[in-house]
A.B. asks: 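Below is the structure I would like to discuss, written out as structure tokens.
As a basis for the values below, the full set of heavy atoms in this structure was taken, side chains included, without hydrogen atoms, waters or symmetry mates.
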Protein chains: 2
Amino acid sequence: MPETLHRFKADIFQALAHPTRIAIIELLSSGELSAGALIEKLGMEQANISQHLSVLRAQRIVANRKAGNQVFYSVRDPIILDVLALMRRYFQKQVGEAKEMLKEMENDLMEPSR
Amino acid sequence: MPETLHRFKADIFQALAHPTRIAIIELLSSGELSAGALIEKLGMEQANISQHLSVLRAQRIVANRKAGNQVFYSVRDPIILDVLALMRRYFQKQVGEAKEMLKEMENDLMEPSR
DNA sequence: CAAGAATATTCGATATTTCTAATATACAGA
DNA sequence: TCTGTATATTAGAAATATCGAATATTCTTG
């Protein structure tokens, strides 16, 4: 109800609203990784990944731990992973529905008289 | 893993990434409402709400049913409501943690010797 | 302290979002 | 068919997000 809560949710969603950042979180889902490891696994520009990590940090979605030369990132709260898992289920459901619609359309083409 | 899935999730999150759109979805959580009812409850510009509804429609998050003069909107899949509910839990947890941190800081101020 | 490695930040250019105001469309009833 | 009501779309301005290139910072090691 309160505007504050809506804004909070919206800000988290905004932080999640980029394919690269989702890829980052999923890579971190099985444990912490250094920024360098993320850059290597994703095959993208160093600055770019660093900027995306900065967005995730700003919303406190990831934690960062400095170890000597490197910085290790991890997902702060597993609830975020639950959200992503829900999204996967949602995706599967949507794809399933789309498939069924196509099947129906096919049937209509085969039996135009009914 | 696949880029497609990441983009799909990101697009949904993007559609959710606005306080007004979250408010709309929560208003629709207990059943369908006309566009006009949403505009009234939210107290915002007609065009603005219509545009936000358009974003939600584009991602197929809401369904719309025309009835005479009006258009009734509803949430297509309750999974989306589950996502919002998870977000609320997440928010509560974050606030709880922030509170604890403040309490610790207070204690440190009271007992500087320890 | 100098040099290299890992990471972060800054700077512009471009693209996307969001808003308000104005206009368009669709429908209902006289 | 004319009028009013409900909703959608368009247009343009301002704000925000994204990217690559360049630069800065921090740490380690010789």
A.B. asks: Does the protein touch nucleotides 20-30 of chain D at the base, only the backbone, or not at all? Give it as B, S and - per nucleotide, heavy atoms under 4.0 Å.
C.D. replies: BBB---SBS--

A.B. asks: Hey, could you give me each pair passing salt bridge (Lys or Arg N to Asp or Glu O under 4.0 Å) that has a residue in residues 9-20 of chain B? Not counting sequence neighbours.
C.D. replies: A:E26-B:K9

A.B. asks: Heavy-atom count check: over 12 atoms from other residues, nucleotides or ligands less than 6.0 Å from A:E40 CD?
C.D. replies: no

A.B. asks: In whole Å, I'd like the distance from the CZ atom of B:R65 to the P atom of D:dA6.
C.D. replies: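 That distance rounds to 16 Å.
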
A.B. asks: Would you kindly give the CD-to-P distance between B:Q70 and C:dC27, to the nearest whole Å?
C.D. replies: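 Answer to the nearest Å: 13 Å.
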
A.B. asks: Roughly, in whole Å, what's the span from CG in B:L53 to C1' in C:dC19?
C.D. replies: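 The answer, rounded to whole Å, is 15 Å.
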
A.B. asks: What is the distance from CG of A:L38 to P of C:dA6, rounded to the nearest Å?
C.D. replies: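 After rounding, the gap between these two atoms is 14 Å.
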
A.B. asks: In this structure, how many angstroms lie between the C1' atom of C:dA6 and the CZ atom of A:F72, rounded?
C.D. replies: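 Result: 11 Å.
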
A.B. asks: Which residue pairs pass the salt bridge (Lys or Arg N to Asp or Glu O under 4.0 Å) test with at least one member in residues 55-83 of chain B, sequence neighbours excluded?
C.D. replies: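 Output for this query lists A:K93-B:D77, B:E32-B:R65.
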
A.B. asks: Report which part of the nucleic acid B:Y73 touches: base, sugar-phosphate, or nothing (heavy-atom distance under 4.0 Å, all strands).
C.D. replies: sugar-phosphate

A.B. asks: Under the ring-ring contact (aromatic ring centres under 6.0 Å, His included) definition, can you give me all pairs with a residue in residues 46-103 of chain B, not counting sequence neighbours?
C.D. replies: A:F8-B:F91, B:H18-B:H52

A.B. asks: Round to a whole Å and report the spacing from CZ of B:R21 to C1' of C:dC19.
C.D. replies: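 So the two atoms are 12 Å apart, to the nearest Å.
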
A.B. asks: Nearest heavy atom decides the nucleotide; on that basis, is A:G36 or B:H18 closer to the 5' end of DNA chain C?
C.D. replies: A:G36

A.B. asks: Any side-chain heavy-atom pair from B:V62 and B:L28 closer than 4.5 angstrom?
C.D. replies: yes

A.B. asks: Has B:H52 got a side-chain N or O lying under 4.0 Å from the OP1 or OP2 atom of C:dT17?
C.D. replies: no

A.B. asks: Partners of A:N69 by side-chain hydrogen bond (donor to acceptor under 3.5 Å, both in side chains), sequence neighbours excluded?
C.D. replies: none

A.B. asks: Starting at CD of A:Q59 and ending at C1' of D:dA17, how long is that distance when rounded to a whole Å?
C.D. replies: 14 Å

A.B. asks: Given atom CD1 of B:I39 and atom C1' of D:dT5, what is their separation to the nearest angstrom?
C.D. replies: 12 Å

A.B. asks: Can you name the residues that form a side-chain hydrogen bond (donor to acceptor under 3.5 Å, both in side chains) with B:R89, not counting sequence neighbours?
C.D. replies: none

